[in-house]
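To start, the structure itself, in C-alpha cells.
Within every chain, numbering begins at 1; the chains are lettered A, B, ... in the order of the sequence lines, protein sequences first and strands thereafter. Side-chain atoms are counted along with the backbone in the values below, which use heavy atoms only and exclude waters and symmetry mates.
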Amino acid sequence: MPHPAERRLIFRHIDEPGYTADLPCYLRHGGYEALKKAVARKPEELVDEVKKSGLRGRGGAGFPCGVKWTLVDRRSGKPIYLIVNADESEPGTFKDRHIIHQDPHQLIEGIMIACWANQVKQAYIYIRGEFPKGARILEQAIAEARAQRLVGPGILGTGYSCEIYVHRGAGAYICGEETGLIESLEGKRPYPRIKPPYFPAVLGLYQCPTIVNNVETLCHVRHIAEMGGEAFARIGTPNNTGTRLLCVSGQVQRPGYYEVESGRITMGQLLHDLCGGPRPGRTFKAVIPGGSSSKILRFGERFKIKRKDGTTADWGVEDIPMDFDSLAACGSMGGSGGVIVLDDSADMVAALANLNAFYAHESCGQCTPCREGSLWMKKITARMVHGDARPGDGELLKNVADQIAGRTVCPFGEACAWPTQSFVLKFGEEFKNYAETKKARPADGLELI
Amino acid sequence: MNLKPETLQKIDEVITHYPVKRSAALPLLHLVQEDQGHVSPAAIEWIAGKLELQPINVYELVTFYPMFRQQPAGRRHIKVCRTLSCALAGSHQVCAELERQFDCHTGETSADGAVTIEFVECLASCGSGPVVMIDEELHEQVDVAKARTLAAQLKQPAAGRQP
Ligand SMILES: Cc1cc2nc3c(=O)[nH]c(=O)nc-3n(C[C@H](O)[C@H](O)[C@H](O)COP(=O)(O)O)c2cc1C
Ligand code: SF4
Ligand code: FES
C-alpha cells in the first residue's frame with residue numbers, strides 16, 4: 001500500500017493486486033489513450049508540452065527533457081534515433097526495474113509518444129544484461145503492441161511507422177553513460193566519447209542525431225501527453241516539476257521505493273514518516289541522496305542556502321526538500337533518486353572502501369586519472385580497513401580524488417571522486433583516527449569490503 | 001560451431017535489427033553463450049565472420065564485458081551482490097556461507113561442476129538486499145539462513161540448470 005504522503009503517477013498500479021504486465025490489462029486501465037491523443041497532434045506541439053512541463057531527466061543529470069529534444073539536429077537529413085537508457089546500474093537505484101517488470105506498456109507508450117514528437121523511426125531499449133527477464137517482458141510487450149498496431153508499421157492507422165528493439169548489455173556500469181552506451185550499441189567497447197564534438201543530439205548513434213532518455217523520464221512523457229504540460233508543471237515545485245521515484249536502501253526500517261511530488265517532502269519526512277525511521281536503538285549518521293556517486297550528507301551538519309530569489313534558509317539534513325535544486329544547493333545532487341542510508345553503527349571508511357571497489361571495477365580505463373586514481377582509492381581504503389591505517393590517509397585520498405575530477409573524458413571521473421572527497425571532508429576525524437576508532441568499535445561481524 | 005537451429009534462426013533475425021551489422025555483436029555473443037555455455041575461440045571467429053569483422057573486434061568485447069566467459073561455468077550460476085546497500089544488509093556473510101556450502105571460492109566453479117559463484121556489483125534491487133541471482137532468478141532478503149536453504153535446494157539431484 002502506498003504511504004498517504006506519496007503521490008503515485010508512474011507507480012499508480014505497481015504492486016496492485018490483479019494488475020499484470022500484459023496488454024489487455026494495460027488497455028483496461030486506459031492504456032495507449034495518451035498515444036492516440038498524441039498522434040492526432042503535430043509533433044512540435046508535443047515537444048512544446050514537454051518543454052512547458054519542465055520535466056527534467058531522471059537518469060542522473062536532471063537535464064530538461066524539452067530542451068534536449070529541441071537540441072536535436074533536424075536538418076541533417078539523417079535519421080533521428082531514440083535510445084531508452086534502461087541500464088539502471090547506479091548503486092542504490094532500483095526504480096526502472098519495477099516499471100519494466102510490472103508495467104512495461106507504460107514505458108512503451110512513453111517511448112512511442114517521444115518517437116512521434118521527434119519523428120523517430122527507430123528506437124532501441126538498452127537494458128542491462130542482468131535483467132534477462134526484464135528483456136523478455138519488454139520483447140513480449142512490444143510484440144503485443146505491434147499486433148495491435150501500437151508499434152511498428154502504420155501505427156494507429158496513421159502513415160507513421162516506428163520500430164522498437166531491445167538490446168541487452170553485458171554487465172558494465174559505464175554503458176549507462178550515454179556516449180558509452182552508444183558505442184556499446186554500435187558493437188564496441190563502451191568507451192565514452194568526448195564532448196565536443198560528440199553530443200548525441202548531433203553526432204550520436206551511427207553519427208546520427210540521437211536522443212538518450214531514461215526509462216522513468218519517458219514514463220513521465222506519457223503522463224505529460226495525457227494531462228498536458230501545464231498540469232504536469234503544477235505537480236511538485238517550480239523547476240522541479242512532477243513526481244519523483246525515490247529508492248531507499250541501507251540502514252533504515254522500511255527500505256523500498258516511494259513516489260512523491262518533487263520538493264514537497266523533506267529528507268526527514270522521507271526517512272522518518274515514509275521509511276519508518278532508524279532501526280531500533282540506532283540514529284541516522286549519514287545519507288547518500290542520489291545514487292552512490294552523489295556526495296554524502298552528514299546528519300548534524302548545517303546548510304546555509306541562498307535561493308535565486310534572494311531568500312535564505314538554514315537547513316539540517318532532515319530539512320532538505322527532496323528535489324534537484326535543493327540537494328544541489330546543499331552540495332550534493334538528486335541524481336538517480338537512490339537514497340542510501342547509514343546509521344551510527346556504520347564504519348565510514350569501510351563504506352567508502354566498498355564504493356571505491358565498485359568504481360575501480362567499473363572504470364572503463366580510457367583516461368589515466370580515472371583508471372589509476374580509482375584503483376588507488378580502492379587500495380588505500382581497503383588497506384585501512386584491513387589493519388594498516390595511517391594518520392595521513394584522509395589527505396592522501398583527497399589528493400588522489402582531486403586529481404581525477406575535471407580531468408577525464410566522461411563524468412565517471414567526478415562520479416568516482418565525489419564519494420571519496422565528501423566522505424573525507426565530512427568524516428575526516430574517522431579517517432584520521434581510524435586505527436583507534438576501529439579498535440573501539442564493537443564487533444558486529446558486518447563486513448563491507 | 002554446432003549451434004542449435006533455434007539459435008541460428010535468432011541470430012539471423014537479430015542482425016536485421018540494425019542498419020550496421022557490427023551492432024549485433026553483443027546480441028550474438030549472448031546467443032552463442034546461451035547455446036554453448038561459454039564463448040570459445042572458435043565462436044569468436046565464427047561471430048566475426050558472420051558480422052564481417054576481425055576476430056579481435058569480437059575478442060575485445062569478450063574480455064571487456066563481465067558477463068561473457070571464455071570457460072564453461074557450473075551448471076548453476078550464483079551471483080551475490082557485493083555493493084554497499086547489500087553489504088550493509090550482510091551480503092558478505094551470505095557470500096561466505098555460499099562459498100562454504102559449495103566449497104568454492106568466488107570467481108570459481110566448484111570441483112564437481114555444480115555451481116559457479118560470483119560476487120558481483122549492484123543488481124538494482126538494493127531495497128531488498130542482500131540479493132542473490134541464481135541463473136535468471138532473483139532472490140531477495142537473503143540472510144545466512146536463507147542462503148543455506150537455497151544451497152540445500154541447489155544440492156538436490158534434480159537441480160540441474162533451468163531452461
Ligand atoms: C557513469 C555514468 C553512469 C550512468 N548510468 C546511467 C544509468 O544507469 N541509467 C540512466 O538512465 N542514466 C545513466 N547515466 C546518465 C546518462 O548518461 C544520461 O544522462 C541519461 O540517460 C539521460 O537521460 P535523461 O535525460 O532522461 O535523464 C549515467 C551517467 C554516467 C556519467
Ligand atoms: S572518466 Fe573513467 S569511465 Fe569515463 S571515459 Fe575516462 S576512464 Fe572511462
Ligand atoms: S547494492 Fe545490491 S542490488 Fe544494489
*Would you indicate whether the side-chain heavy atoms of S125(B) and E130(A) approach each other to under 4.5 Å?*
no

_Any side-chain heavy-atom pair of V14(B) and H167(A) under 4.5 Å_ = no

*asked:* I need the T83(B) OG1 to L355(A) CG distance, nearest 0.5 Å.
replied: 8.0 Å

*Residue V252(A) versus chain B: region with a heavy atom under 4.5 Å*: neither

_How about NE2 on H38(B), more than 12 heavy atoms from neighbouring residues, nucleotides or ligands closer than 6.0 Å, or not?_
yes

*Can you establish whether the number of heavy atoms outside K78(A) located under 6.0 Å from its atom NZ is more than 12?*
yes

*Let me know if R279(A) has heavy atoms under 4.5 Å from chain B in its side chain, its backbone, both or neither.*
neither

*Might you point out which heavy atoms bring C126(B) and G92(A) nearest each other, and give the distance in Å?*
SG-N, 3.3 Å

*Check whether any side-chain heavy atom of E121(B) lies under 4.5 Å from a side-chain heavy atom of E362(A), and answer yes or no.*
yes

*Do the side chains of Y65(B) and C175(A) get nearer than 4.5 Å, heavy atoms only?*
yes

*Most contacts with chain B, counted as non-hydrogen pairs under 4.5 angstrom, among G256(A), P79(A), A350(A), P190(A)*: P190(A)

*Which region of E140(B), side chain (C-beta onward) or backbone (N, CA, C, O), has a non-hydrogen atom less than 4.5 Å from a non-hydrogen atom of chain A, or is it both or neither?*
neither

*By a 4.5 Å heavy-atom criterion (distance strictly below it), what part of A357(A) contacts chain B: side chain, backbone, both, or neither?*
both

*Sort L448(A) into side chain, backbone, both or neither according to what part of it lies under 4.5 angstrom from a heavy atom of chain B.*
both

*Least distance between heavy atoms, L88(B) atom then L342(A) atom*: CD1-CD2, 3.7 Å

_Keeping R189(A) on the side-chain end and E60(B) on the backbone end, is there a donor-acceptor pair under 3.5 Å?_
yes

_So for L29(B), is it side chain, backbone, both, or neither that comes closer than 4.5 Å to the heavy atoms of chain A?_
neither

*Shortest non-hydrogen contact from A25(B) to G187(A)?*
CB-O, 4.1 Å

*Heavy-atom distances under 4.5 Å only: say whether L205(A) touches chain B with side chain, backbone, both or neither.*
neither

*asked:* Can you tell me how the ring of F64(B) sits relative to the ring of Y191(A), calling it parallel under 30°, perpendicular over 60° and tilted otherwise?
replied: perpendicular

*Heavy-atom count around Q71(B) CD within 6.0 Å, excluding the residue itself: above 12?*
no

_Just so I understand: if I count every heavy-atom pair under 4.5 Å between each of G365(A), G129(A), G338(A) and chain B, which residue has the most?_
G129(A)

*Residue pair S23(B) / Y124(A), side-chain donor-acceptor N/O under 3.5 Å*: no

*asked:* Within the structure provided, determine whether Q122(A) and H17(B) are in side-chain contact (heavy-atom separation under 4.5 Å).
replied: no

*Pick from H98(A), K133(A), E163(A), K95(A): which one has the most heavy-atom pairs with chain B under 4.5 Å?*
K133(A)

*Do you know which two heavy atoms are closest between R97(A) and A124(B), and how far apart they sit?*
NE-O, 2.7 Å

*What is the distance from atom SG of C122(B) to atom CZ of R128(A), rounded to the nearest 0.5 Å?*
6.0 Å

*Considering only heavy atoms, which portion of T93(A) lies under 4.5 Å from any heavy atom of chain B: side chain, backbone, both, or neither?*
backbone

*Heavy-atom distance under 4.5 Å to chain A: side chain of S128(B), backbone, both or neither?*
neither

*Does any non-hydrogen side-chain atom of Y165(A) lie less than 4.5 Å from one of Y18(B)?*
no

*So which of R254(A), E90(A), K188(A) has the largest heavy-atom pair count under 4.5 angstrom toward chain B?*
K188(A)

*asked:* Around atom NZ of K378(A), are there more than 12 heavy atoms from other residues, nucleotides or ligands closer than 6.0 Å?
replied: no

*Dump the intermediate steps for salt bridge (charged side-chain N to carboxylate O under 4.0 Å, His left out) on E34(B) and R168(A), then the final yes or no.*
CA-CA 13 Å; E34(B) 273 156 33; R168(A) 288 181 64 203; 3.3 Å; yes

*S345(A), C364(A), S292(A), A346(A): which one forms the most heavy-atom pairs within less than 4.5 Å of chain B?*
C364(A)

*Counting only heavy atoms closer than 4.5 Å, note whether H30(B) contacts chain A via side chain, backbone, both or neither.*
side chain

*Is chain B contacted by the side chain of Y206(A), its backbone, both, or neither, given a heavy-atom distance below 4.5 Å?*
side chain

*How far apart are the closest heavy atoms of P66(B) and H361(A), and which atoms are they?*
CG-CE1, 4.4 Å

*Less than 4.5 Å apart, any side-chain heavy atom of P19(B) and any of Y81(A)?*
yes

_For the interface with chain B, which of A170(A), P91(A), G169(A) has the highest count of heavy-atom pairs at distances below 4.5 Å?_
A170(A)

*asked:* Does any part of the side chain of L26(B), heavy atoms only, come nearer than 4.5 Å to the side chain of S184(A), both counted from C-beta?
replied: yes

_Strictly distance-based, threshold 3.5 Å: is any side-chain N or O of N354(A) a donor or acceptor partner for the main-chain N or O of R82(B)?_
yes

*Enter the distance from I288(A):CD1 to L84(B):CG here, rounded to the nearest 0.5 Å.*
5.5 Å

*Against chain B, label Y173(A) side chain, backbone, both or neither, depending on which of its atoms sit under 4.5 Å from a heavy atom there.*
neither

